[in-house]
There are 2 protein chains.
Amino acid sequence: MPEDTAPADLTTMRFSRAREAQAMAVLEDYAEMIDDLARQMGEARITDIAARMGVTHPTATKAVARLKREGLAVSRPYRGVFLTELGTELAARVRMRHRVVVDLLIAVGVPAETAEIDAEGLEHHVSEATLRAFEAYLAQRG
Amino acid sequence: MPEDTAPADLTTMRFSRAREAQAMAVLEDYAEMIDDLARQMGEARITDIAARMGVTHPTATKAVARLKREGLAVSRPYRGVFLTELGTELAARVRMRHRVVVDLLIAVGVPAETAEIDAEGLEHHVSEATLRAFEAYLAQRG
DNA sequence: ACAGAAGTGTAGCCAAGGCTACACCTTGCA
DNA sequence: TGCAAGGTGTAGCCTTGGCTACACTTCTGT
Ligand SMILES: [Mn+2]
Ligand SMILES: [Mn+2]
Ligand SMILES: [Mn+2]
Ligand SMILES: [Mn+2]
């Protein structure tokens with residue numbers, strides 16, 4: 001039954017990679033969201049971030065604090081949240097990757113709405129190599 | 001630029017679904033791992049679980065405690081860990097889904113090793129609907 | 001101009017999933 | 001047979017990402 005039985009340290013590495021990816025997920029989603037709001041509303045307010053993420057405002061405040069700590073955003077009390085150049089770059093990469101993941105899912109037959117939902121979690125675990133493969137697949141099939 | 005601007009509550013639902021899936025991820029990985037070890041080694045010991053997951057043994061103990069609390073596993077002090085019927089069913093579903101995800105990735109051109117790595121995180125965010133689409137895609141392309 | 005509404009900050013709680021340190025139990029082998 | 005090594009339990013720490021409750025600031029409309 002155990003057809004492969006991969007070396008134990010390769011298995012270990014897989015799990016450790018998944019944990020790393022997960023640690024980035026919240027940062028990535030908030031960066032993208034703040035960028036979205038800045039485009040759509042002109043600025044990103046804590047309340048709007050929280051509403052869209054489906055969390056309470058203190059939770060959003062904490063996430064923004066982490067973004068600031070990591071040099072991805074800045075903000076001053078009672079003013080909106082703004083991405084740094086680093087944060088903007090992250091948001092751009094995340095948005096692009098999100099789009100590719102959705103497109104790939106749809107291309108292999110996943111219903112569009114389902115693709116949108118699943119992509120929100122999937123995207124954070126798509127490595128550079130996999131992303132390139134997805135892009136190649138999409139390009140090659142027109 | 002904001003091509004779609006999906007209704008805010010749909011966006012919210014996406015994030016909330018991703019959080020739900022994430023909350024299951026550890027449970028799923030441990031269940032599958034315990035089942036693997038039971039097959040390969042005859043029993044699942046805490047130390048082996050921890051080594052394969054790449055965590056320390058107290059971390060594995062906590063995870064097993066959660067599995068027990070959720071009715072997925074049983075164990076007695078200094079004896080191995082055993083899945084309940086519920087846990088065994090979960091492990092079977094998780095193993096199958098993992099395999100389908102890896103196969104799908106390879107089918108669209110992701111290198112096999114990369115597919116194995118990324119699948120470990122991706123699998124937990126693949127919904128039933130997406131899984132069915134993946135299976136259909138794999139069946140249809142031989 | 002100012003009062004009420006809306007937005008924001010912040011304290012403090014919780015659970016999960018990491019960790020180290022240390023105590024205790026089991027097992028294997030000399 | 002006993003003891004050293006290895007396996008396990010457990011306490012206690014940390015960070016993250018949820019939450020509620022409450023105080024404070026800003027904005028808005030009369
Ligand atoms: Mn996401
Ligand atoms: Mn996204
Ligand atoms: Mn996994
Ligand atoms: Mn897996």
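Atom set for the values below is all heavy atoms of this structure, side chains included, hydrogens, waters and symmetry mates excluded.
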C/dT26 P sits how many Å from B/Arg79 CZ, rounded? 6 Å
Say whether, by atom type as modelled, one donor and one acceptor occur between the side chain of B/Thr114 and the main chain of B/Val110 under 3.5 angstrom. no
Would you indicate which nucleotide in C/dA16, D/dG17, C/dG7 comes nearest to any side-chain atom of A/Thr59? D/dG17
Salt-bridge test for A/Arg45 and A/Asp48: reply yes if a basic N is under 4.0 Å from a carboxylate O, no otherwise. yes
Whole angstrom value for the distance that separates P of D/dG6 from CG of B/Asp48: 14 Å
A/Met13 pairs by side chain to side chain contact (heavy atoms under 4.5 Å, CB included) with which of A/Asp9, A/Thr11, A/Leu10? A/Leu10
Does B/His57 make a side-chain donor-acceptor contact with the base of D/dG7, cut-off 3.5 Å? no
Could you give the CZ-to-C1' distance, from A/Arg76 to D/dT26, as a whole number of Å? 14 Å
Select one nucleotide: of D/dG18, D/dG9, C/dG7, the one nearest the side-chain heavy atoms of B/Pro77. D/dG9
Distance below 4.0 Å between A/Arg19 side-chain N/O and D/dT15 OP1 or OP2: no
Would you kindly give the CE-to-P distance between B/Met24 and C/dA16, to the nearest whole Å? 13 Å
In terms of side-chain heavy atoms of B/Pro58, which of C/dT8, C/dC19, C/dG18 is nearest? C/dC19
In whole Å, what is the span from the CD atom of A/Gln22 to the P atom of D/dG17? 9 Å
From the list A/Arg69, A/Lys68, A/Lys62, side chain to side chain contact (heavy atoms under 4.5 Å, CB included) partner of A/Arg66 resolves to A/Arg69
For A/Glu28 and D/dT16, what is the distance between atoms CD and P respectively, to the nearest whole Å? 16 Å
From the candidates C/dT8, D/dG18, C/dC19, the one with an atom nearest any side-chain atom of A/Val55 is D/dG18
Hey, does the side chain of B/Arg69 come within less than 4.0 Å of C/dA16's phosphate (OP1/OP2), counting only N and O? yes
Rounded to the nearest angstrom, tell me the gap between atom NZ in A/Lys68 and atom P in C/dT8. 13 Å
Answer yes or no: does a side-chain N or O of B/Thr61 lie under 4.0 Å from OP1 or OP2 of D/dT8? no
Taking the side chain of A/Lys62 as heavy atoms from C-beta outward, which of C/dG12, C/dC19, C/dG9 is closest to it? C/dG12
Here the distance between atom P of D/dT8 and atom CD1 of B/Ile46, to the nearest Å, is 7 Å
Between A/Arg97 and A/Glu28, is the closest basic N to carboxylate O distance under 4.0 Å? yes
Quick one: on DNA chain C, does A/Arg45 or B/Val26 contact a more 5' nucleotide (nearest heavy atom)? A/Arg45
